Each structure stands twice: as C-alpha cells, then as structure tokens.
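Just below is one structure, and these are the notes that go with it.
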Amino acid sequence: MSVRVRVAPSPTGDPHVGTAYMSLFNLAFARQQGGEFLLRVEDTDRARFRADSEQQVYDMLRWLGLDWDEGPDKGGPRGPYRQSERLETYRPHVEQLIADGHAYLCWCSGARLAEMREDQQKRKLPTGYDRRCVGLDRAARAALPGFSDPPVVRMFVPDDPPLRFHDLVRGEVSAPRPDDQVLLKADGFPTYHLAVVVDDHLMGITHVVRGEEWISSTPKHLLLFDWLGWDRPAFAHMPLLRNIDKSKISKRKNPAARLTWFVEQGYLPEALLNFLGLLGYSLPGEQEIFTFEQMSQSFDWARVNTVGPVFDLDKLAWLNGHYMRELSEPDFAGRTLPFLQGAGLVGDPASPVELAALAAVVPLVQTRVAVLSEVPALVRFLFTPEESFQVESGAVEKALTPANAPVLAAAAEALDGLQDWTGVSVQARIDAALLEGGLGLKRGKAYLPLRAAVCGASISPPLPESMALLGRERTLCRLRAGAALAADRETAERGPGVG
RNA sequence: GUCCCCAUCGUCCAGCGGCCCAGGACUCCACCCUUUCAAGGUGGCUACGCGGGUUCGAAUCCCGUUGGGGGCACCA
C-alpha cells in the first residue's frame with residue numbers, strides 16, 4: 001500500500017508557521033516513500049472561518065515549494081478536500097455509531113455545560129460530560145432544565161477505551177481517557193475528531209503526522225476507527241515549535257508564527273525550509289545546510305526529536321545570509337527588486353536605468369544584509385535623485401562637523417578633473433589628497449565625512465565603489481553640499497541667539 | 001487541579017553502555033583582515049537539572065524528584 005499523508009490546516013487567519021512545519025515533514029516522508037501528500041482544508045469552525053485564509057495557505061505553501069498532490073484547488077480521486085463540502089459524507093457514519101450504541105444525542109445547553117464544569121472544578125471532581133442525556137429521548141430531556149434544541153451527538157466512551165498506541169517518533173505512548181466528546185455539532189458540522197477520522201480513512205491516509213498537541217485526543221480517534229471497523233493509520237506526533245519562553249508558538253507572542261511575516265521581512269524560502277528542517281530534526285553527519293531533496297532522501301522517523309524546539313531567529317538570520325550569498329547576482333537582484341519598489345526607490349515597473357543600477361550595486365550589498373528588507377537602506381544613496389537626497393541626522397552629527405568641511409572640499413577638488421571614473425582611480429585620488437602626502441589623515445578618519453556626504457549614512461557599501469556607481473557629477477554635487485552643510489553648522493554653533 | 005508528553009552549552013542539534021573530563025552550528029567575546037558595515041579566517045566562554053539505583057563501566061538503561069510543555073470546548 002502506498003504511503004498517503006496530509007496536512008490539514010484550518011482557515012482561521014494568517015497561515016501559521018506550524019502548518020509549514022507539518023507540511024515539510026509530511027512531504028519529506030511522502031516523497032521518500034514515493035507516496036502522496038494531500039492538502040485538506042478543515043473549515044468546520046464557522047465562527048472562526050476567514051474567507052481569504054485558504055488562498056493564503058496555498059500561497060505560502062507554494063512559496064516554500066511544499067506542493068501537494070491532491071487538494072481543494074486541484075482536486076483528486078478522494079475529494080472533496082474541503083470539510084464543509086463533506087457534510088453529507090459524515091452523516092451516515094454518525095447514524096451508524098448511534099445505531100451501534102457508540103454515540104447518543106445530547107440536548108444540554110452551553111450554559112448547563114459551563115455550569116456543570118464549574119461545579120466539577122469547585123468540588124474537585126474529574127471533569128467531563130456527566131451523561132445527563134444518556135437514555136433520554138427528546139421529550140424527556142425537554143422537561144429538564146438546561147435544554148437546548150438542535151442536539152449534538154456525543155461518543156459514548158466505554159470504561160476501558162484503548163489508551164496506548166505506537167507513535168513513530170515516541171514509541172509506545174499512552175494518553176488520557178477521553179470523555180464523551182461531541183462528534184456532531186448542533187449546526188450539523190462535524191467536530192475535528194469525527195472529521196479527521198472519517199476523512200483520513202476515506203482519503204486513504206496511511207500516516208497521520210501532526211503536532212504533539214493531538215496526543216491526548218488520539219484515544220478518541222482510536223475508538224472511532226475501531227467502532228467504524230477501519231484500520232488505524234500510523235501516528236507520528238511532531239514536537240511543537242516554541243516561543244522564547246518555551247510556550248507553544250503563537251501569533252500573539254511571536255511575529256514569526258505568521259508565515260507572511262517571512263515574506264515581508266525578505267527571508268528566502270529555501271532558508272526558511274532548511275531552518276524548519278533543522279528544528280527537531282537532524283541529518284546524519286551533522287550536516288546543517290541541506291535541501292528538501294537531501295532531507296527527504298535521508299528521512300528517518302528515528303531522527304525526529306521529541307523535544308519542542310525554540311524558534312530561534314538568530315540562526316534563521318544566519319542561514320538566510322548564507323543562502324543569499326549563494327545566490328547568483330542576477331538572482332539576488334531579482335529577489336531584491338520588490339523590496340526596492342516597496343520602498344519607493346524603484347518604479348513599478350522598473351525602468352532599464354533602474355535595473356542597470358540595481359545590477360551594478362548588487363555585488364556591493366549581497367554580503368551585507370541578513371534579510372532582503374535591509375537592502376533598500378543600503379542602496380538608497382544610489383536611487384535617490386539629488387533634489388531629494390538627504391544625509392541622515394545621525395551621520396550629520398557624527399561626520400559633517402565643521403572640522404571636516406575642509407576634508408570634503410579637498411575631496412571634491414581632488415576628484416573634480418578625474419576622467420577615469422572607476423573605484424580604483426577614485427580611491428587613488430582621494431587617498432593622495434587626504435592621506436599621507438595630502439591632508440595627512442588616516443583613511444578611516446578621512447572616509448567618514450565622505451561616506452556621510454555621499455551615501456547619506458555612516459554605514460554604507462564600500463565608498464570608492466559607491467562613488468564610482470554614483471557617477472562624477474552626483475558625487476561632486478554631494479561632496480560640495482556636504483562641505484557647505486558642515487561649514488554651516490559652524491555658523492549655527494557659534495551663532496544661536498546671536499543674530 | 002488532573003491526565004499525558006518531554007529533559008545535553010543561552011538557542012538548535014550530535015550522542016543511542018566504554019571511542020565523551022561530551023562534538024557541531026547559531027549567538028556572544030577576543031584577535032586577524034579592513035575605508036564604515038558585513039562577509040571571511042583563527043581562537044575562546046558555556047551544558048549531560050537533581051537524587052537514587054542497574055552495571056566492571058552511564059549523558060546513554062530503570063525509579064523517584066524537580067522543571068518545562070501540551071490536553072482536559074458544540075476550536076482546530
């Protein structure tokens with residue numbers, strides 16, 4: 001029998017990083033086994049449902065390269081793959097469970113249930129449904145308080161349900177005894193527990209790979225598989241991704257819980273994927289940089305960790321930097337473009353001039369950023385027209401001091417007649433004028449004001465090369481403007497309040 | 001509270017009874033390189049939670065304890 005696995009996100013908001021994590025492991029295993037990976041949308045919670053969420057899940061998973069073989073958008077032999085479209089599929093199985101005495105109707109209202117739980121807690125009794133409705137028909141129950149009309153269907157858990165099962169990553173596991181879980185809600189929608197079991201069986205799922213949070217409800221699923229006379233799938237409960245404080249990763253505490261965040265920040269999908277693979281998993285030989293194919297080929301459940309890993313952005317940043325440095329220059333430029341457009345530095349669509357400038361500056365910044373969103377700040381100097389060019393205030397304070405005005409002027413003068421406008425020549429001229437033999441400055445000291453004037457910041461790509469890209473006229477313009485600004489500050493410092 | 005899961009450097013991993021007075025990576029620190037910032041190179045700090053067993057021998061097995069996490073919904 002061929003391996004079939006699935007990922008089952010519920011469209012309740014921004015796609016969650018956990019969905020990508022589960023998809024990665026499911027897919028890695030499926031590909032290794034030559035099996036299928038399906039995407040099933042679990043939209044049975046109409047209160048939390050969000051219409052745009054499903055498409056976002058598709059987009060994010062595809063962005064990561066985690067494509068599926070069957071799903072709502074591409075169909076397949078075992079569809080539909082959206083649970084809201086399978087309501088009629090669940091019904092007969094519920095009928096059967098009721099007929100077999102494994103499930104029963106329950107008319108208890110939400111208020112009564114809440115009251116019951118409160119009472120149980122106060123009296124330190126075990127929690128769980130008290131079976132108020134067992135053996136009662138509608139009329140009999142309606143005579144009692146806490147009645148609510150469309151009833152739900154609950155499973156009738158026996159005294160000795162199966163609590164132990166084999167887990168691919170944890171070995172023999174035991175879980176708590178379930179209470180009489182609701183299977184069918186009053187609105188006619190199934191709960192997760194009914195839907196997973198029915199769908200996993202009908203869709204031929206052989207391995208249920210999901211988060212550790214599901215361990216405690218697995219006995220409910222075991223019971224259902226058994227009652228319905230179906231083979232149990234194999235289970236693999238993955239560790240949960242954690243926040244810094246070790247709690248289950250959440251959108252509230254961690255921006256990285258939302259997949260869109262990585263796109264916005266300019267992480268590379270290959271880096272994120274590699275990083276996700278590193279969490280809770282290791283390749284033989286301590287190899288840390290690996291592709292999906294490498295992970296998939298050597299995939300082994302025994303190498304999956306049981307410990308919930310903290311989602312460490314530092315390491316992701318390093319990995320991302322690594323992958324960015326591996327990119328060819330045109331590739332890097334292409335990935336950078338949307339960020340420059342977003343920052344308003346480049347038009348949409350980009351002009352040939354802008355694209356040429358981008359191609360030229362890329363070698364200067366590729367090793368200097370951890371994420372793509374950092375690129376605009378570094379190349380702003382090149383894409384800003386002289387009319388709107390401004391030096392950052394911090395750089396003005398630090399570098400455009402009155403004492404540096406002559407340095408800027410000298411640099412402008414030295415470069416004025418230079419014909420061979422290349423980084424090498426520019427540097428030679430500047431050095432001759434400002435270092436030993438000229439003004440006698442150290443290079444670091446000499447370049448500080450020039451950098452501020454030309455690049456507008458105290459951190460920039462290498463200076464002579466930046467000037468070379470900017471061109472002579474623009475460079476001279478900025479040097480002179482910088483010199484004037486620096487000199488002006490002298491006046492300003494001497495003159496406040498004077499005149 | 002209760003049930004369940006888990007436990008090696010700050011973080012992510014290696015280790016699956018002797019090769020480990022514990023190895024790699026990230027972070028951090030120092031140095032080198034250097035026009036800033038990076039990148040790159042070299043070196044360094046830091047861990048088997050604790051207590052009992054088992055064994056000739058334990059990070060590795062068992063028990064307890066402590067700590068962390070998760071579940072206990074007409075949410076998934």
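Here is how names work: the chains are called A, B, and so on, in the same order as the sequence lines, proteins then strands, and each is numbered from 1. Since the structure is predicted, the reported quantities are computational estimates derived from the model, not experimental observations.
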* For atom P, what is the distance between B:U34 and B:C28, given to the nearest Å? ->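 Their P atoms lie roughly 23 Å apart.
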Would you please confirm or rule out a distance under 4.0 Å between OP1 or OP2 of [N] and any side-chain N or O of [X]?
{"X": "A:Arg443", "N": "B:U35", "result": "yes"}
{"X": "A:Asn305", "N": "B:A7", "result": "no"}
{"X": "A:Lys185", "N": "B:A76", "result": "yes"}

Polar atom pairs (N or O), protein with nucleotides 71-73 of chain B, under 3.5 Å:
from  : atom 1 : to       : atom 2 : distance (Å)
B:G71 : OP1    : A:Lys248 : NZ     : 2.9
B:G71 : O4'    : A:Ser216 : OG     : 3.3
B:G71 : O2'    : A:Ser216 : OG     : 2.8
B:C72 : O2'    : A:Thr127 : OG1    : 3.4
B:A73 : OP2    : A:Arg117 : NE     : 3.4

* Go through the side-chain N and O atoms of A:Thr306 and A:Arg170 and say whether any donor and acceptor fall under 3.5 Å apart. =>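 The criterion, which ignores hydrogens and geometry beyond distance, is not satisfied for A:Arg170 and A:Thr306.
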Under 4.0 Å, heavy atoms only, any strand: does [X] hit a base, just the sugar-phosphate, or nothing?
{"X": "A:Leu463", "result": "base"}
{"X": "A:Glu465", "result": "base"}
{"X": "A:Pro284", "result": "nothing"}

* Asked: With the threshold set at 4.0 Å, does a side-chain nitrogen-carboxylate oxygen contact exist between A:Arg48 and A:Asp45?
  ->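 Here A:Arg48 pairs with A:Asp45 in a salt bridge, since their nearest N and O are under 4.0 Å apart.
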* **Ion pair A:Arg154/A:Asp179, N-O distance below 4.0 Å** =>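 No, no charged N to carboxylate O under 4.0 Å.
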* Let me know the distance between CZ of A:Arg451 and P of B:C37, rounded to the nearest Å. =>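 After rounding, the reported distance stands at 8 Å.
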* Can you tell me the distance, in whole Å, between the CG atom of A:Asn243 and the C1' atom of B:G70? =>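 My rounded result for the distance is 13 Å.
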Which atoms of nucleotides 62-67 of chain B (N or O only) lie under 3.5 Å from a protein N or O atom, and what are those distances?
none

* Honestly, is A:Arg210 close enough over A:Phe235, meaning NZ or CZ under 6.0 Å from the six-membered ring centre and within 45° of the axis? ->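 Judged by the rule, A:Arg210 and A:Phe235 form no cation-pi pair.
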* Residues within residues 5-21 of chain A bordering RNA chain B, heavy-atom distance below 4.0 Å ->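 Those residues are A:Ser10.
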